[in-house]
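Positions are given from 1 along the sequence.
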Amino acid sequence: MSQQYPGDTATIATPAGDASTQKYEEARAAASRAMSTISVTPDPPLRTPPALPGDDEVDADLLSYRGFKFGAAFFGWLIAISMSVLLLAAAAGAALGTAEVLDYTTSDAKAQPGAASITAAGVTVFMLTLAFYIGGYVAGRLARFDGGRQGFGVWMIAVLLAVVAGGAGWVLDSQYGVVDDINWPNVDLAGNTLLLGSIAATATLLVLTLLAAILGGKSGRRYHDRIDELL
């Protein structure tokens, strides 16, 4: 094997039997072919991970409208009180109509004071729970954001005003004996039974109305969430 370069008459002879040179050339050609087939692709740009379903995608300008809103909670409380009066009046009318149809008299209620008291307490708690759910829903619709807080505000306003009204009644009773002039129904139950039943009914009423108000507030907010998804 011989190689001849331009401009030079000299010829360099390469021994044909040099195996190491041939292997070197073959390895160099294989490496060149391998490098020509390799293509380097750039890394894809980093993308922001999608927001989870529970995340709130709210514009920064709307963050100032978040938090507890007294106006929404106050109007929700007004609705809750109004619905309480209407629902209790409807329940009382239904009870009187049922008593007339079934010929259920006052003597029958006195004969079973425990059942009558439990029924009356259960109906009252249910109606008030439904009323506070409606009040919380209204507060959540008015405030748009943080419906649970608005529902809690409805319940808290009701509790605070009930405490104030109870304190005012206690002051008036201590001075004028207002409670003594009330004709209370004569229930044939022991004093301890009445006390324990009243405590249990009050605790149940407080817990259920609180949960109902918070749930109603969250339900009222979902209305705005569905609208935001369409925008």
Looking only at the side chains, is there a donor atom on one of S219 and Y133 sitting less than 3.5 Å from an acceptor on the other?
yes

Same hydrophobic cluster for L161 and V85, using side-chain heavy-atom links shorter than 4.5 Å among ILVMFWY?
no

Taken to the nearest 0.5 Å, the spacing of T124 OG1 from L205 CG works out to 9.0 Å

Determine the minimum heavy-atom distance between A73 and V154, stating which atoms define it.
O-CG2, 3.4 Å

Is it true that I199 and V159 fall in one hydrophobic cluster, defined by side-chain heavy atoms closer than 4.5 Å?
no

Do L87 and V123 sit in the same hydrophobic cluster, where Ile, Leu, Val, Met, Phe, Trp and Tyr count as joined when their side-chain heavy atoms come under 4.5 Å apart?
yes

How far does CG of L128 sit from OG1 of T209, to the nearest 0.5 angstrom?
7.5 Å

Between atom CD1 of I79 and atom CG of L142, what is the distance when rounded to the nearest 0.5 Å?
8.5 Å

I need the I157 CD1 to F74 CZ distance, nearest 0.5 Å.
7.0 Å

Verify the neighbour count for atom CZ of R149: are there more than 12 heavy atoms of other residues, nucleotides or ligands below 6.0 Å?
no

Do the side chain of W155 and the main chain of L211 share a donor and acceptor less than 3.5 angstrom apart?
no

Treating Ile, Leu, Val, Met, Phe, Trp and Tyr as nodes and any side-chain heavy-atom pair under 4.5 angstrom as an edge, say whether M83 and Y137 lie in one connected cluster.
no

Distance (rounded to the nearest 0.5 Å) between L86 CG and M127 CE:
11.5 Å

Any donor-acceptor pair under 3.5 Å linking the side chain of Q150 with the backbone of A72?
no

Are F70 and F75 connected in a single hydrophobic cluster, I mean Ile/Leu/Val/Met/Phe/Trp/Tyr linked by side-chain heavy atoms less than 4.5 Å apart?
yes

How far does CZ of F132 sit from CD1 of I81, to the nearest 0.5 angstrom?
5.0 Å

